[in-house]
Amino acid sequence: MASKGAGMSFSRKSYRLTSDTEKSRVTGIVQEKLLNDYLDRIFSSPDHGPPAATSRKPLNFHNLPEHVDQLLQVDSEDEESQGQVEGRLGPSTVVLDHTGGFEGLLLVDDDLLGVIGHSNFGTIRSTTCVYKGKWVYEVLISSQGLMQIGWCTINCRFNQEEGVGDTHNSYAYDGNRVRKWNVTTTNYGKAWAAGDIVSCLIDLDDGTLSFCLNGVSLGTAFENLSRGLGMAYFPAISLSFKESVAFNFGSRPLRYPVAGFRPLQDPPFADLVRAQRLLGCFQAVLSVELDPVEGRLVEKESSAWQLQGQPTVLLTLAHIFHHFAPLLRKVYLVEAVLMSFLLGITEKGTPEQAQAVVHQVLDLLWLFMEDYEVQDCLKQLMMSLLRLYRFSPIVPDLGLQIHYLRLTISILRHEKSRKFLLSNVLFDMLRSVVFFYIKSPLRVEEAGLQELIPTTWWSHRSSREGRDGKEAKEETPEERQRRRAYERGCQRLKKRIEVVEGLQVQILKLLLDNKDDNGGEASRYIFLTKFRKFLQENASGRGNMPMLCPPEYMVCFLHRLVSALRFYWDEYKASNPHASFSEEAYIPPQIFYNGKVDYFDLQRLGGLLSHLRKTLKDDLASKANIVIDPLELQAATMDDLDEDEEPAPTAAQRPMQALAMGGALPLPRAGWLSSPTLGRANRFLSTAAVSLMTPRRPLSTIEKVKVRSLNVEQRTREDIEGSHWNEGLLLGRPPEEPEQPLTENSLLEVLDGTVMMYNLSVHQQLGKMVGVSDDVNEYAMALRDTEDKLRRCPKRRKDILAELTKSQKVFSEKLDHLSRRLAWVHATVYSQEKMLDIYWLLRVCLRTIEHGDRTGSLFAFMPEFYLSVAINSYSALKNYFGPVHSMEELPGYEETLTRLAATLAKHFADPRIVGTDIRDSLMQALASYVCYPHSLRAVERIPEEQRIAMVRNLLAPYEQRPWAQTNWILVRLWRGCGFGYRYTRLPHLLKTKPEDANLPSLQKPCPSTLLQQHMADLLRQGPDVAPSFLNSVLNQLNWAFSEFIGMIQEIQQAAERLERNFVDSRQLKVCATCFDLSVSLLRVLEMTITLVPEIFLDWSRPTSEMLLRRLAQLLNQVLNRVTAERNLFDRVVTLRLPGLESVDHYPILVAVTGILVRLLVHGPASETEKATSVLLADPCFQLRSICYLLGQPEPLAPGPALPAPDRKRFSLQSYTDYISAEELAQVEQMLAHLTAASAQAAAASLPTSEEDLCPICYAHPISAVFQPCGHKSCKACINQHLMNNKDCFFCKTTIASVEDWDKAANTSATSSAA
């Protein structure tokens, strides 16, 4: 039967209770005997026989009210049981005392039962205390952090350091640290987790206090409690920042009642009895039908019963609901009576039968109850359902969760109920996202995972890399058998979880239904409004934890939403052949600039939306036919300017601004926490107006249609889906986009929100859950080390053997627990299906970016999070889902990798992208991309034009832009080709700590000769490319190495002080970074010299000599600083400070050696002579520094062979694992060449008078004269000076030209003239 909202033909007013004048006629509806039998069957009570006054009379509608009143009479004891009870003091309705019973800053729900810590260690107690008897209350744990829950007296004084259990006469249980507290602390109980329920029991007759966790007693915690005059105990809690719980003092049925213990708040006994009797009457109506023809009652199954419009049945139900409706508005009765009834229906029959009965019940509720009554009832019903689902223990078959979800589905299948709940309850009053979450069990034993996965297994592969390159040991038959048994257990667990996930997807399919628009707006459009507000709260409340949906809920919600979205997307494709499949989904670019979708204050690629609309208004008009109204833009601009001068009433409306230290404040609404109001974003979207010239209509007479950007709540179905001549969300289609829509516009908005949701918190949570796998690897490594020690330990050392055996047992038990928990995480978070969801989002983002890029300047309107999700989702697929699932197994993996490479290569230096953070993210992603062979090959597969453009951007001068990441990218293209540059672990660390598995590791070298060739070709092109790039590299090298030297001086000074001191870890990190930058810049110079040596050695180029002299100067400075005996560098390296592990001789000296070898050994003799002369001419050159490379303190005499290296000295000969024999021979050849050239230069050099030396550097003779002023210096000084300044050193005259100057020639010319 359809609900009233779906077209029921019965009017409720027709079935009101009859007046006395009508009663005589009503009894004639059916035969009196049949009516009597029917009413007697419905209103009979097994515990209460018919009252004497009516027992002799047949029942009819004339005397039925009196009979019902008699039936609902409750003993006076039950009526009077509520109120003051011996042993209890305080109000009968027990809540948290937010007016005086607190310490610190707390956030309290408006029902005064939920609390969130908002300070260091806030404390709050209840309004009611007990002094005699046995009492219990329950605490629903919403977060598993630091909390102390228990009892205290009114005389206990707390502060933000000491809470419940830290003072006399206060007692607490702490499941976070698994301890009990009463001034002192001892171990007690079990660890709690979010979703657990703690029962706090106090027995003031025996003076004991105990706790239960999920109904299981943890034993007596405290004895001999203080009792007597003035001793009364309040329920109390102390909780740290951001922790949250909810109390149940008895306002709802206790989840785990304890025999003999009474809740602090008495249940409504009388109303409970009445509600149960009325429910019995209602059930009787659903199980019997009238047969007026036969004159008898017919037994019926509830699922087969139907309301056929019989007046007798309708009037009977009207009498029942006359009494029942007011009771169904009460929280306790809804949960104890109606919820139990509906759950019983769900558990007994098939899902179809349960659905039929629930549908009938909801039809009758809407028919016979006032709207406000049924709305209150449904609200309480859904709140109870969510609470039951969230705080249900995990059982092996997940039966509890399945029952609650099935009942939720049955309720939501009722159209009118669904629309009401969606409009007013699910996202407004509840954390409805909880319905899509499957919590992870903290205690695998209670979850039944030991029976489900009896055999545990974990990977034995070592994570060490690089020292000897050995492969992991082969799997033994026993290990293979264990692994297969473990995998079978994981599959059993996965199948059970998939049942729950399927039910959750069904819920979302109901919420996304867009065909139920008979009685108003379809569910999907209500959902869109609520979903967008949900995203707004989470996007705008970052950093304000009470405002945010927990990220673990977001992960599950995203996967269920993707499943439901793709179902409807492909369903639409099936009926519309011109639409696209979900595999081809993307977001059309016009959604980003037409104002139809609210992106709040999220950053766009090109900056603020108001700025983009002003600067790109001409492009909007020409490409999308959108004209921005100047008056509206001016209004928006003024609104931005006046943002800080907000009127007082607006500011006062913000709920979170009213917080005051020392206050406990009610939250705006129970269950779901509201977000602060948004300022500029919403106001801008409500005022910016656009005018549209629709391109599909004839443009002979241009019509400007005013289109105003609407708030989410103001939109209708037509605003989203569009109508005749109205494209809805797709307004302003650019010419590059196809005319045929992809799918329904509403699904596009859901997809857009799903991408945003991944960016908000899903990616961070995926990374966080990897911690379980990391823990398994760490314990597995510890277990292997312990087993190795056991094998090596002598049998006579029984004490050591006992300790090692104990450690082995501890590690094995922990691994058993973690491996089962890891199976749960893999099934719920990292399964193959979840991986495909993330992969689908990655492909959606790539297609969206590609389509947006085609719009030219309008690409700037795209929100930044699309690029972020493309980068992060690839990172998640590569790093989080392995080794169980490999990204290489995904369909279209190679193509997707290439498309992502093209995206990164094109946009990392895109001028349309202005945000610093997103530009850095793109650069870091590209740097990571070229580290791995698969992704590097993808970069090489992109079109040649894009590759060349990428390399050209990498070779742009380093000044005035973030250059460090660019340099890392170039270095990674070279790793594996440079001198001694093939290591995966820093060689100097492996020499000193060969067994340390925690040493920092590098990726295996994977150089790209193709990209190196592009780099060489670009450096050869044009006269300015190479000089500008290399000068910037040399400038940054000079800065980085100078900063490094300055920092190690400070570190050395701090280390030599007598008083104890510590070097700031941040300073050490910056110091190491400067060192790493210096090494990487040297490697880039090595690559450049190797690929295009003519840039330095072909002196026909105007800048070659200057570049070579600058390079030689820097190389000599580095060598002198690093190779000097007992110098600063040596002393800091010897300290081995944590954080400076990468600082050593090897990385920087092999980089310098690689440059020198290329200059002095490779190449023709003419180039070698030029390089040698420049190097030797530099005043800082010391041959001793070159000898240091081979461990020799002084230059060798010609002839004798090299002696063996001194182990105490640095020598490249000590690193034969990383430096080949050929490379060592080249170093020896270079040393011999420099030794001979140095001796020859010393013999040929003539003394130079001081007058002939350059007055700037005093190192080289004067060789250049400036025109027109005539001042002189050496060429090196003037060339370096002219890079940044055109004025003379001495007189500041602008230099027009520089001419060669030879003293002898000029002297002879002067004498001839005389």
Side-chain angles (χ1 to χ4, degrees), residues 487 490-491 494-495 497-498 501-502 505 555-556 558-574 576-588 738 742-743 747-748 750-752 754-755 757-759 762-763 766 826-851 853 866-905 925 928-929 932-943:
E487 289 173 350
C490 293
Q491 284 299 318
K494 183 182 175 184
K495 288 180 180 178
I497 289 175
E498 284 175 347
E501 293 177 346
V505 173
V555 173
C556 295
L558 177 130
H559 288 297
R560 311 304 175 264
L561 191 57
V562 167
S563 299
L565 171 62
R566 297 192 67 177
F567 169 81
Y568 277 113
W569 193 298
D570 292 330
E571 182 184 67
Y572 182 81
K573 165 65 179 176
N576 296 269
H578 296 292
S580 66
F581 287 104
S582 61
E583 275 299 328
E584 304 160 358
Y586 68 93
I587 303 298
L742 296 171
T743 186
L747 295 181
L748 291 173
V750 175
L751 176 57
D752 175 76
T754 307
V755 176
M757 190 162 58
Y758 183 90
N759 182 65
V762 171
H763 180 73
L766 289 177
H826 279 157
T828 56
V829 181
Y830 298 124
S831 68
Q832 181 73 21
E833 293 75 17
K834 311 299 186 301
M835 189 177 190
L836 287 170
D837 288 345
I838 305 300
Y839 183 60
W840 182 70
L841 284 181
L842 167 61
R843 291 164 69 92
V844 165
C845 290
L846 290 177
R847 280 189 289 269
T848 301
I849 294 166
E850 290 166 358
H851 281 262
D853 181 46
Y866 274 90
L867 279 170
S868 298
V869 172
I871 295 169
N872 292 333
S873 57
Y874 168 73
S875 174
L877 291 168
K878 182 167 64 75
N879 298 319
Y880 300 158
F881 286 84
V884 179
H885 304 292
S886 172
M887 190 179 176
E888 299 176 16
E889 302 170 359
L890 296 170
Y893 161 73
E894 295 289 343
E895 179 208 354
T896 303
L897 216 58
T898 305
R899 293 172 74 174
L900 179 57
T903 298
L904 296 175
S928 173
Y929 219 68
Y932 301 91
H934 284 295
S935 50
L936 181 59
R937 300 291 90 83
V939 175
E940 294 178 343
R941 287 196 301 269
I942 66 177

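- Contact of the Thr903 side chain with the Leu867 side chain is registered, since non-hydrogen atoms from C-beta on lie closer than 4.5 Å.
- In summary, of the residues considered (Glu501, Glu833, Gln832), a side chain to side chain donor-acceptor pair (under 3.5 Å) with Lys494 occurs for Glu833 alone.
- The closest side-chain heavy-atom distance from Lys834 to Val829 is not below 4.5 Å.
- Between Leu558 and Leu841, the closest side-chain pair of non-hydrogen atoms falls below 4.5 Å.
- Side-chain contact, Ser875 with Asn879: a donor N or O sits under 3.5 Å from an acceptor N or O.
- The line from CG of Leu904 to OG of Ser928 is 9.5 Å long, rounded to the nearest 0.5 Å.
- In this structure, Lys573 does not pair ionically with Glu583, as no charged nitrogen and carboxylate oxygen lie closer than 4.0 Å.
- Tyr929 places a side-chain N or O within donor-acceptor distance of the main-chain N or O of Leu897, the cut-off being under 3.5 Å.
- Annotation: side chain of Ile838 is not in contact with side chain of Tyr880 (no heavy-atom distance under 4.5 Å).
- When every heavy atom of Ile942 is checked against every heavy atom of Ala905, the shortest pair comes out as CD1-CB, 3.8 Å.
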Steps toward side chain to side chain contact (heavy atoms under 4.5 Å, CB included) verdict (Trp840, Leu565): CA-CA 12 Å; Trp840 182 70; Leu565 171 62; 3.9 Å; yes
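- Note on Arg937 versus Glu940: salt bridge recorded, some NZ/NE/NH1/NH2 to OD/OE distance being below 4.0 Å.
- Residues Tyr866 and Asp752 meet the side-chain proximity criterion, which asks for heavy atoms closer than 4.5 Å.
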Evaluate Lys878 against Tyr874 for side chain to side chain contact (heavy atoms under 4.5 Å, CB included), listing each step before the verdict. CA-CA 6 Å; Lys878 182 167 64 75; Tyr874 168 73; 3.4 Å; yes
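- In this structure, Ile587 CD1 and Ile849 CD1 are separated by 12.0 Å, a value rounded to the nearest 0.5 Å.
- Heavy atoms only, all atoms of each residue included: Ala876 and Leu766 are closest at CB-CD1, 4.3 Å.
- Shown here for Ala870 and Leu846, the closest heavy-atom pair between the two residues is CB-CD2, 4.4 Å.
- Taking all atoms of both residues into account, the shortest heavy-atom contact from Leu748 to Trp569 is CD2-CH2, 3.6 Å.
- Here the NE2-OH distance, from His934 to Tyr893, works out to 5.0 Å after rounding to the nearest 0.5 Å.
- With rounding to the nearest 0.5 angstrom, the CG atom of Leu900 is 7.5 Å from the OG atom of Ser873.
- Atom CG of Leu936 and atom CZ of Arg941 lie 10.0 Å apart (nearest 0.5 Å).
- Looking only at distances, no side-chain donor or acceptor of Tyr830 sits under 3.5 Å from a matching main-chain atom of His885.
- Considering only heavy atoms from C-beta on, Asn759 stays 4.5 Å or farther from Val755 through its side chain.
- Put simply, the side chain of Asp570 gets close to the backbone of Ser582: a donor and an acceptor are under 3.5 Å apart.
- Ring geometry for His763 versus Tyr758: interplanar angle of 30 to 60°, hence tilted.
- Separation of atoms CG (Leu842) and OG1 (Thr896) is listed at 6.5 Å; rounding is to 0.5 Å.
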